[in-house]
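To start, the structure under review is shown below, and the notes come after it.
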Amino acid sequence: MNYGSHYSVMKKDVLDVLERSYSKDKEIIIADLTFGAGGHTKAMAEAFPKSSIYSFDQDPDAISNGNDFLTKVGLKERVSLIDSNFRNFSNVLPEEILFDAVLLDAGVSSHQFDTGERGFSFRFDGPLDMRMNPNEGIPASELLNGMSEEELRSIFMSYGEEKFSRQIAKAIVERRELEPFSTTKQLEDVCFHSYPKKLRHGKIHPATKVFQALRIKVNDELGVLSDVIAQVIPRLKINGQFLIITFHSLEDRIIKHAFKEWDDESFPIEIVTKKPILPSAEEIFENSRSRSAKLRIVRRVKDWPSKNKYPKKE
Ligand SMILES: C[S@@+](CC[C@H](N)C(=O)[O-])C[C@H]1O[C@@H](n2cnc3c(N)ncnc32)[C@H](O)[C@@H]1O
């Protein structure tokens, strides 16, 4: 398998935050919830030569590439690669382990996006799958063939903010009567022809938002974020930080609200980023995908006053 490379978004910003907070020779414990091509994990491991890192990925390709990669860069000893959805964070990592830093870099990797057989992109004709873990969940084609017109419209609207959601949902239902959906190109074609003629060749392809919406639905991308925040915050050490990079407003809204919800007297955390940190102009120039990135950080400031070792937010 040729895994390819992935530009690690806001890597410098992440390292700046960590290097300001911890001395290089400290034995810190880190979790990278989204290993991908391992760029952030490697950078953190190198910046903190005595650190131990627990890195998650739910994609079998990322895990098998990651095992070779960690051997090649000599980090096998200090990085434990965990083949799991990060929503299993507290089940997988024993509760005695508390963290100095946890990083989450949301979304799909370049490998997933650029591999036609994974079905994430309409640039290739491939099976309409879109699962980050192809061994779990329901492929996009099944959702598309099974959901009602109203459900489809609502997903395209709420996860894609697609203006022509109604027209596209209607066209999907009509088209699948003739032939069930199985490929990315079938869906691209329906989106394209559902747009008014004069808007079909705009800056954003008519299928872009529908593909984003379906991907979010297939992988429950918003659900896993809410789940993991509630698991990670109680597992931070005092002064431990949770850094989250998101790529669209739906994700960022979830993070912002979840941080605010935790920020009360019974759970003394500090929202480090009142406003999110944005990538530099230089980074956006180097990698246009980073233009929509936002980094938010929360820090645990002292002991939980609760008698419970790991307080749970209701
Ligand atoms: C944007 S890439 C991360 C890139 C990585 N930070 C790097 O520097 O190479 C996201 C990765 O996280 C994984 N991922 C996304 N959601 C996940 C989840 N809920 N559980 C585990 N892995 C997930 C994806 O499979 C993908 O490989």
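What you see is a predicted model; the values in this text were computed from it and never measured.
- Paired with Val102 under the rule side-chain contact (heavy atoms from CB on, under 4.5 Å), one option of Leu243, Val298, Val232 passes, and it is Val232.
- Residue Leu103 is grouped with residue Phe35 when hydrophobic side chains (ILVMFWY) are merged at heavy-atom distances under 4.5 angstrom, including chains of intermediate members.
- Cation-pi check for Arg235 over Phe99 is not met; the charged atom does not lie both under 6.0 angstrom from the ring centroid and within 45 degrees of its normal.
- In the model, Glu27 has no side-chain atom that pairs as donor or acceptor with a side-chain atom of Ser52 under 3.5 Å.
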> Run the side chain to side chain contact (heavy atoms under 4.5 Å, CB included) check on Arg118 and Asp61 step by step: do they pass?
Replying inline: CA-CA 11 Å; Arg118 303 298 298 271; Asp61 284 359; 3.3 Å; yes
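- Between Phe48 and Tyr22, the two ring planes are perpendicular [angle over 60°; tilted spans 30° to 60°].
- Hydrophobic clustering of Ile, Leu, Val, Met, Phe, Trp and Tyr side chains at less than 4.5 Å, counting indirect connections, unites Ile97 with Val228.
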>> What verdict does the side chain to side chain contact (heavy atoms under 4.5 Å, CB included) test give for His205 and Arg200, after you've listed the backbone C-alpha separation in whole Å, the side-chain angles of each residue and the deciding distance to 0.1 Å?
In response: CA-CA 7 Å; His205 187 285; Arg200 286 179 190 168; over 6 Å; no
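- Shown here is Lys203, whose NZ atom has no more than 12 heavy atoms of other residues, nucleotides or ligands within 6.0 Å.
- In summary, of the residues considered (Ile255, Leu225, Ile245), a side-chain contact (heavy atoms from CB on, under 4.5 Å) with Leu104 occurs for Leu225 alone.
- Asn145 contributes no side-chain N or O that, together with a main-chain N or O of Pro180, makes up a donor-acceptor pair within less than 3.5 Å.
- Around the CD1 atom of Ile238, the shell of radius 6.0 Å holds more than 12 heavy atoms that belong to other residues, nucleotides or ligands.
- Put simply, the side chain of Asp83 does not reach to within 4.5 Å of the side chain of Phe56, judged on heavy atoms.
- Partners of His257 according to the side-chain hydrogen bond (donor to acceptor under 3.5 Å, both in side chains) rule, which considers only residues two or more places apart in sequence or in another chain, do not exist here.
- Not one N or O on the side chain of Glu142 forms a donor-acceptor pair closer than 3.5 Å with the backbone of Pro139.
- Sparse packing is recorded around NZ of Lys163, with 12 or fewer heavy atoms of other residues, nucleotides or ligands lying under 6.0 Å away.
- The cluster map of Ile, Leu, Val, Met, Phe, Trp and Tyr, joined by side-chain heavy atoms under 4.5 Å apart, puts Leu295 and Phe259 in different clusters.
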> Can you check side chain to side chain contact (heavy atoms under 4.5 Å, CB included) on Ile82 and Tyr54, steps first, answer last?
Replying inline: CA-CA 7 Å; Ile82 302 168; Tyr54 297 88; 4.0 Å; yes
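- Minimum interatomic distance between Phe122 and Thr184 (heavy atoms only, all atoms of both residues): CA-CB, 4.5 Å.
- Under a 4.0 Å N-O distance rule, the pair Asp59/Arg131 does not qualify as a salt bridge.
- Closest non-hydrogen pair, Asp57 versus Ile63, comes out as O-CD1, 3.6 Å.
- Salt bridge Lys42/Glu46: present, at least one basic N to carboxylate O contact under 4.0 Å.
- With 3.5 Å as the limit, one finds a donor-acceptor pair spanning the side chains of Ser55 and Thr41.
- Considering all non-hydrogen atoms of both residues, Phe89 and Ala31 come closest at CE1-CB, 4.2 Å.
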>> With salt bridge (Lys or Arg N to Asp or Glu O under 4.0 Å) as the criterion, how do Arg153 and Glu149 come out once you've worked through the C-alpha distance, each side chain's angles and the decisive distance to 0.1 Å?
In response: CA-CA 6 Å; Arg153 189 200 63 77; Glu149 186 175 327; over 6 Å; no
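- Judged purely by atom type and a 3.5 angstrom limit, Thr34 uses its side chain to pair as donor or acceptor with the backbone of Asp105.
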> Yes or no on salt bridge (Lys or Arg N to Asp or Glu O under 4.0 Å) for Arg296 and Asp252, after CA distance, side-chain angles and deciding distance?
Replying inline: CA-CA 8 Å; Arg296 290 190 185 267; Asp252 185 55; 2.6 Å; yes
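- The existence of a salt bridge linking Lys50 and Asp25 is excluded, since no basic side-chain nitrogen approaches an acidic carboxylate oxygen closer than 4.0 Å.
- When all heavy atoms are compared, the tightest approach of Lys11 to Ala43 is CD-CB, 3.6 Å.
- To the nearest 0.5 Å, atoms CD (Gln186) and OG (Ser141) are separated by 9.0 Å.
- Side-chain atoms of Asp32 never come within 3.5 Å of backbone atoms of His40 as a donor-acceptor pair (strictly under, hydrogens ignored).
- Cluster membership for Val173 and Phe192, using ILVMFWY side-chain heavy atoms within less than 4.5 angstrom, is not shared.
- A donor-acceptor contact shorter than 3.5 Å links the side chain of Ser158 to the backbone of Ser154.
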> Is there a side chain to side chain donor-acceptor pair (under 3.5 Å) between Glu162 and Ser165 once you walk through the steps?
Replying inline: CA-CA 5 Å; Glu162 169 53 64; Ser165 296; 5.6 Å; no
List the atom pairs, with distances to 0.1 Å, where a side-chain N or O of residues 209-216 and a protein N or O form a donor-acceptor pair under 3.5 Å, not counting sequence neighbours.
from: Gln212; atom 1: NE2; to: Tyr159; atom 2: O; distance (Å): 2.9
from: Arg215; atom 1: NE; to: Glu221; atom 2: OE2; distance (Å): 2.8
from: Arg215; atom 1: NH2; to: Glu221; atom 2: OE1; distance (Å): 2.8

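- A salt bridge between Glu19 and Lys24 is present, with a side-chain N of the basic residue lying under 4.0 Å from a carboxylate O of the acidic one.
- A 6.0 Å sphere centred on CZ of Arg176 holds more than 12 heavy atoms belonging to other residues, nucleotides or ligands.
- Here the side chain of Ser109 pairs a donor or acceptor atom with the backbone of Gln112 at under 3.5 angstrom.
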> What do the steps show when you test Lys237 against Arg300 for side chain to side chain contact (heavy atoms under 4.5 Å, CB included), and what is the final call?
Replying inline: CA-CA 7 Å; Lys237 288 184 191 170; Arg300 175 176 170 183; 5.9 Å; no
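- The backbone N or O of Gly240 sits nowhere less than 3.5 Å from a side-chain atom of Asp100 that would complete a donor-acceptor pair.
- Cluster membership check: Val9 does not share its hydrophobic cluster with Val108, using side-chain heavy-atom separations under 4.5 Å among Ile, Leu, Val, Met, Phe, Trp and Tyr.
- Residues Asn85 and Gln58 bring a donor and an acceptor atom of their side chains to less than 3.5 Å of each other.
- Looking at every heavy atom in both residues, Pro127 comes nearest to Glu117 through CG-O, 3.3 Å.
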>> What verdict does the side chain to side chain donor-acceptor pair (under 3.5 Å) test give for Ser194 and Gln167, after you've listed the backbone C-alpha separation in whole Å, the side-chain angles of each residue and the deciding distance to 0.1 Å?
In response: CA-CA 6 Å; Ser194 303; Gln167 290 83 339; over 6 Å; no
>> Using the rule given for side chain to side chain donor-acceptor pair (under 3.5 Å), can you reason through Tyr7 versus Glu286, listing the C-alpha separation, both sets of side-chain angles and the distance that settles it, and then say yes or no?
In response: CA-CA 9 Å; Tyr7 184 105; Glu286 257 175 46; 2.9 Å; yes
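- Between Lys12 and Asp16 a salt bridge is recorded (basic side-chain N to carboxylate O distance below 4.0 Å).
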>> Between Asn88 and Ser84, is the side chain to side chain donor-acceptor pair (under 3.5 Å) condition met? List the steps.
In response: CA-CA 7 Å; Asn88 303 322; Ser84 166; 3.0 Å; yes
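- Across every non-hydrogen atom of Leu278 and Met10, the tightest pair is C-CE, 3.4 Å.
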